[in-house]
Amino acid sequence: MAYIVFVLCLLSFLSSPNTIAEARISSIIVFGDSSVDAGNNNFIPTIARSNFFPYGRDFAGGKATGRFSNGRIPTDFISEAFGLKPIVPAYLDPAYNISDFATRVTFASAGTGYDNATSDVLSVISLWKQLEYYKEYQTKLRAYQGSATANQTINEALYLMSLGTNDFLENYYTMPGRSSHYNIQQYQDFLIGIAGGFIEKLHGLGARKISLGGLPPMGCLPLERTRNVFRGKDDCVESYNNVAVEFNNKLNALTVKLNKELPELELVFSNPYNVLMYMIKKPSLYGFDVTSTACCATGMFEMGYACNRNNMFTCTNANKYIFWDSFHPTQKTNQIVAAYMVKNVLSKFL
């Protein structure tokens with residue numbers, strides 16, 4: 001019964017004409033990984049890109065923008081829900097300029113994490129480099145709006161952070177370095193320290209409204225379920241999901257701590273774990289048919305991080321799939337997650 005009540009409430013919110021509101025925020029500013037990268041990796045030397053078909057096939061114009069999905073990603077839907085434009089552009093995309101970025105921008109880079117060693121794996125933009133780009137952005141914003149207006153924009157913006165999965169799946173459990181120096185609890189604490197330090201830096205630069213994103217049930221990603229097949233199982237990797245729950249609890253505790261310590265800070269914890277797990281356990285309630293494999297795939301469990309540009313197989317209807325590729329959700333999933341976050345967490349900023 002709890003599942004049904006949850007889904008009915010969520011679907012009611014999705015269909016409500018009041019989903020789009022007049023925002024109390026000036027702009028959306030995004031930091032993170034592939035979950036919120038709108039194409040920054042297109043403009044750096046890395047293989048972690050999605051600027052090719054079939055990515056973006058359901059995006060406006062069928063364009064592969066660099067978003068790791070068949071269409072829009074959560075931050076696009078959140079921007080729209082706050083009455084801003086429905087697309088959050090990538091900071092490094094030369095098609096946009098400061099007049100666009102004044103109301104929404106993402107510095108995110110697919111493949112990155114809290115740990116600099118994570119960003120080194122695929123040679124992507126580290127979280128701290130994203131912060132340097134943000135400082136550059138502030139300079140441009142002040143030149144464009146004037147200092148007083150720009151400072152108001154900075155203070156009234158909503159800052160979204162979404163990262164952490166790569167630290168575990170692409171670094172700790174894959175590369176030899178960190179796992180030889182930390183057990184998993186110690187590594188979580190190491191990452192929590194970085195997250196806290198980053199938020200303190202953001203606060204020092206004027207940010208006041210910040211959403212700290214949690215981890216999904218990462219053991220249920222098609223990539224990890226594939227690895228489980230080789231272990232003689234065909235379900236989610238429970239140990240990875242347990243790590244996600246543990247880490248999310250620590251992120252939530254960090255949120256409470258920093259709200260007490262940093263003046264005027266409104267930090268919220270946006271946890272996607274439960275809503276995604278509901279979808280995986282009860283897919284038919286959301287109109288999904290497939291939970292374990294990806295739309296952009298061979299139809300079997302997948303081993304690659306992204307779609308293979310040389311393998312053009314994709315499902316006919318991505319709306320029947322929770323996952324677009326072996327690591328990333330479909331546009332429909334992104335919309336549901338974004339709606340859940342707006343209704344249950346970010347509504348305090350509406």
Side-chain angles (χ1 to χ4, degrees), residues 1-16 19 28 30 32-36 67-82 158 160-165 168-169 211-222 224-225 235-238 240-252 255 268-292 294-295 318-325 327-350:
M1 179 63 69
Y3 283 116
I4 295 174
V5 171
F6 171 85
V7 173
L8 289 176
C9 290
L10 180 56
L11 293 180
S12 173
F13 176 74
L14 281 169
S15 62
S16 170
T19 300
I28 298 282
V30 185
D33 58 20
S34 58
S35 60
V36 290
R67 289 167 172 81
F68 281 78
S69 186
N70 59 306
R72 291 198 284 165
I73 53 179
T75 40
D76 295 323
F77 290 108
I78 291 171
S79 179
E80 184 177 22
F82 275 86
L158 174 59
L160 304 175
M161 296 172 59
S162 178
L163 68 166
T165 303
F168 296 98
L169 300 186
S211 166
L212 176 60
L215 298 187
M218 57 189 185
C220 294
L221 301 178
E224 303 313 322
R225 294 181 75 146
D235 203 354
C236 301
V237 182
E238 186 176 356
Y240 287 0
N241 283 349
N242 290 340
V243 167
V245 171
E246 290 172 3
F247 189 67
N248 285 342
N249 288 338
K250 292 180 180 181
L251 288 174
N252 189 49
T255 300
V268 296
F269 178 51
S270 296
N271 185 0
Y273 187 98
N274 289 334
V275 63
L276 280 166
M277 189 58 85
Y278 278 129
M279 283 187 265
I280 291 167
K281 288 184 174 181
K282 301 287 184 178
S284 63
L285 294 179
Y286 298 85
F288 293 116
D289 291 338
V290 185
T291 64
S292 61
C295 172
N319 287 339
K320 296 296 183 181
Y321 285 70
I322 291 178
F323 295 101
W324 167 247
D325 64 17
F327 225 79
H328 306 98
T330 58
Q331 175 177 257
K332 178 180 175 180
T333 305
N334 288 332
Q335 183 180 19
I336 293 172
V337 171
Y340 175 84
M341 293 306 168
V342 171
K343 176 175 170 53
N344 293 282
V345 182
L346 303 178
S347 56
K348 69 176 293 182
F349 302 123
L350 282 169

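Computed from a predicted model, the values in this text were never measured in an experiment.
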So, taking the atom named OH in Tyr321 and the one named OG1 in Thr291, what distance separates them when rounded to the nearest 0.5 Å?
10.5 Å

Quick check: closest heavy atoms across Gln331 and Ser69, and the distance to 0.1 Å?
N-OG, 3.3 Å

Short side-chain to backbone donor-acceptor contact, Asn249 and Glu246, under 3.5 Å
no

Please report the interatomic distance CG(Asn344) to CG(Asn274), rounded to the nearest 0.5 Å.
10.5 Å

With heavy-atom distances below 4.5 Å as the criterion, would you say the side chains of Phe288 and Thr333 are in contact?
yes

Do Asn241 and Tyr273 have side chains that get closer than 4.5 Å, going by heavy atoms?
yes

How far does CZ of Phe269 sit from CG of Asn252, to the nearest 0.5 angstrom?
5.5 Å

Residue pair Met277 / Cys220: nearest heavy atoms and the distance that separates them
CE-SG, 4.0 Å

Using the ring of each side chain (for Trp, its six-membered ring), is Phe247 parallel, tilted or perpendicular to Phe168, with breaks at 30° and 60°?
perpendicular

Taking every heavy atom of Pro222 against every heavy atom of Ala294, the minimum-distance pair comes out as CG-N, 4.4 Å

In Å and rounded to the nearest 0.5 Å, what is the OH to CD1 distance from Tyr278 to Ile336?
14.0 Å

Those residues at least two apart in sequence (or on a different chain) that pass salt bridge (Lys or Arg N to Asp or Glu O under 4.0 Å) with Lys320 are none

Knowing that exactly one of Val243, Asn242, Val237 qualifies, which makes a side chain to side chain contact (heavy atoms under 4.5 Å, CB included) with Tyr240?
Val237

Do Pro74 and Met341 have side-chain heavy atoms sitting under 4.5 Å apart?
no

I need the minimum non-hydrogen distance between Ser35 and Ile73, along with the two atoms involved.
O-CB, 3.8 Å

So Leu346 and Ile78, do their side chains get closer than 4.5 Å, heavy atoms only?
yes

Asp325 (side chain) donor-acceptor with Phe68 (main chain) under 3.5 angstrom
no

Any side-chain heavy-atom pair from Pro329 and Val337 closer than 4.5 angstrom?
no

Mind checking whether Ser211 and Met161 have side chains closer than 4.5 Å, heavy atoms only?
no

Check whether any side-chain N or O of Ser347 sits under 3.5 Å from a backbone N or O of Lys343 as a donor-acceptor pair, and report yes or no.
yes

With sequence neighbours excluded, tell me which residues meet side chain to side chain contact (heavy atoms under 4.5 Å, CB included) with Ala318.
Arg57, Asp58, Asn70, Cys295, Cys315, Trp324, Thr330

With the side chain counted from C-beta on, respond yes when Asp235 and Arg225 share a heavy-atom pair under 4.5 Å apart, and no when they do not.
yes

How many angstroms lie between atom CG of Asn334 and atom CG of Asp76, to the nearest 0.5 angstrom?
8.5 Å

Taken to the nearest 0.5 Å, the spacing of Thr75 OG1 from Ile28 CD1 works out to 8.5 Å

Partners of Asn248 by side-chain hydrogen bond (donor to acceptor under 3.5 Å, both in side chains), sequence neighbours excluded?
Asn271

What is the minimum heavy-atom distance between Gly71 and Arg67, and which atoms define it?
O-CD, 3.7 Å

With the side chain counted from C-beta on, respond yes when Leu221 and Leu169 share a heavy-atom pair under 4.5 Å apart, and no when they do not.
yes

Ignoring hydrogens, what is the shortest heavy-atom contact between Gly32 and Leu163? Give both atom names and the distance.
CA-CB, 4.0 Å

